[in-house]
Q: 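Encoded as structure tokens, here's the structure I'll be asking about.
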Protein chains: 2
Amino acid sequence: MITGRLFGVGVGPGDPELLTYKAVRLIRAAPVIAYVSASGRPSIARQIVAGQLQPGQREVKLTLPMHPSPEIAASAYDEGSARISMELEQGRDVVVLCEGDPLFYGSFGHLYQRLGGRYPTEIVPGVPSVMAAAAAARRPLVMYSDTIVVLPATLPEERLAERLQLVEAAAIMKLGRHLAKVRRVLEQEGLLEQAVYVERVSTPDERVVPMVDLEDTEAPYFALILVGRNHR
Amino acid sequence: MITGRLFGVGVGPGDPELLTYKAVRLIRAAPVIAYVSASGRPSIARQIVAGQLQPGQREVKLTLPMHPSPEIAASAYDEGSARISMELEQGRDVVVLCEGDPLFYGSFGHLYQRLGGRYPTEIVPGVPSVMAAAAAARRPLVMYSDTIVVLPATLPEERLAERLQLVEAAAIMKLGRHLAKVRRVLEQEGLLEQAVYVERVSTPDERVVPMVDLEDTEAPYFALILVGRNHR
């Protein structure tokens with residue numbers, strides 16, 4: 001029996017109009033749609049593609065706690081992969097919806113590690129939130145021979161500082177509870193005036209705020225900071 | 001008189017199916033399409049959207065020499081901005097086609113610096129070649145708390161090395177004549193076996209070659225190398 005194919009499909013940062021034609025074609029045709037969300041919360045990826053879903057499509061919903069330990073995350077991905085595998089074994093293609101791009105952080109990498117070697121797999125890139133944030137803030141990310149680094153805010157202060165020091169531009173992701181720490185590092189490095197905060201980019205709730213004006217002490221998961229030394 | 005609006009529109013890495021719905025809507029509706037290409041070469045961005053162009057659309061083609069000095073590039077962007085400005089002053093919207101994403105290297109940043117303050121501007125992000133290359137190579141770019149750095153191959157060897165040393169993952173862009181130098185740096189840093197070369201991603205001429213197997217000594221402009229220390 002022929003198994004189904006696994007697709008990791010980027011659905012972009014939030015605006016359904018930032019879906020690609022390829023993503024929409026695959027989503028509409030898929031017998032099974034899978035997505036990961038934090039427990040008790042709706043899936044952002046599913047909301048983005050809601051207008052494309054077809055009657056009769058099966059849905060595999062995988063949930064993770066908000067701040068899972070590595071062990072809990074691993075066991076959730078094990079279980080999720082097993083559920084997706086059951087669909088694939090029945091010969092049904094499965095499209096895994098991925099916010100932004102499938103291989104740029106996010107859950108798909110974990111599922112791919114467990115399933116990619118066993119089933120025919122195709123990955124469809126999407127518009128990442130970093131690029132959408134630059135567009136919303138109207139700031140070139142990199143020009144000429146600039147280097148940009150993408151940093152998770154979860155890193156310790158000294159790691160953030162040393163990496164910011166070496167480059168012309170940065171995007172700081174996964175802010176959440178780390179916003180105050182990131183602000184402190186930017187201040188110490190003299191970068192606060194060149195930093196902009198972008199929340200829920202490309203959605204009706206989008207916020208673009210220069211870091212010098214931001215009074216928030218916590219950020220939602222879907223927020224990032226862009227930093228640029230030059231050309232802005 | 002009301003001026004036209006300036007749009008910087010990302011058209012993705014090469015496959016027309018990786019265009020977003022927003023890009024296609026704006027391209028189809030635009031009275032004027034503008035794009036930059038190397039002199040004597042066709043515009044890749046125009047090729048990507050060829051199937052969307054409408055009869056009667058005006059086209060503003062800006063050309064740059066292959067390896068322009070900063071002065072020659074600046075004067076070409078000055079002249080190109082003046083030509084786009086003439087269209088905008090006549091009340092015509094202008095869509096500037098941008099390979100990949102408009103603000104991630106590329107020409108649009110230079111045009112935006114000259115025109116963005118004078119005309120209503122909207123920027124539409126696109127799928128960058130880095131994400132498409134990761135999808136083609138089936139390698140997660142970053143997972144967990146990874147940091148990724150995007151480096152232009154034009155940097156001196158010691159700059160490339162110091163920046164590679166600090167992070168878990170890298171994308172090295174603008175390879176061209178710098179491929180041999182980049183290979184040397186990767187060898188010195190012990191990263192050659194974790195590096196993959198991707199050329200003309202998402203097009204019929206796509207090549208994905210592990211760096212240990214690559215015999216080329218020069219690369220086209222549309223080639224990049226992905227490097228990852230973990231999870232691959």
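To find a chain, count down the sequence lines: A is the first, B the second, and so on, and within it residues start at 1.
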Q: Based on non-hydrogen pairs under 4.5 Å, which of A:P152, A:A133, A:A171 is most in contact with chain B?
A: A:P152
Q: Are any of the side-chain nitrogens in A:E168 or B:R163 under 4.0 Å away from the carboxylate oxygens of its partner?
A: yes
Q: Quick one: sort the A:H110 and B:Y144 rings into parallel, tilted or perpendicular, breaks at 30° and 60°.
A: perpendicular
Q: Relative to chain B, which of A:V167, A:D101, A:V150, A:D15 shows the most heavy atom pairs under 4.5 Å?
A: A:V150
Q: With respect to chain A, which residue among B:V124, B:T154, B:L19, B:L155 yields the maximal number of heavy-atom pairs within a distance under 4.5 Å?
A: B:L19
Q: Just wondering, are more than 12 heavy atoms of other shown residues or ligands nearer than 6.0 Å to CD in A:E193?
A: no
Q: Taking the side chain from A:E99 and the backbone from A:A45, do they hold a donor-acceptor pair closer than 3.5 Å?
A: yes
Q: If we define contacts as heavy-atom pairs under 4.5 Å, which of B:A134, B:P70, B:S202, B:S145 has the most with chain A?
A: B:S145
Q: In terms of heavy-atom pairs under 4.5 Å with chain B, which of A:P128, A:P102, A:G12 leads?
A: A:P128
Q: Chain A: which of B:G126, B:G8, B:A23, B:S107 shares the most heavy-atom pairs with it under 4.5 Å?
A: B:G126
Q: Which residue out of B:T121, B:L151, B:V130 racks up the most heavy-atom pairs below 4.5 Å with chain A?
A: B:T121
Q: Regarding B:R5 and B:E122, does a basic nitrogen lie under 4.0 Å from an acidic carboxylate oxygen?
A: no
Q: Sort A:I148 into side chain, backbone, both or neither according to what part of it lies under 4.5 angstrom from a heavy atom of chain B.
A: both
Q: Do you know which of B:Y112, B:F108, B:Y105 has the most heavy-atom pairs with chain A at a distance under 4.5 angstrom?
A: B:Y105
Q: Got a salt bridge between B:E17 and A:R25, using NZ or NE/NH1/NH2 to carboxylate O under 4.0 Å?
A: yes
Q: Going by salt bridge (Lys or Arg N to Asp or Glu O under 4.0 Å), B:E157 matches just one of B:R184, B:R183, B:K181. Which one?
A: B:R184
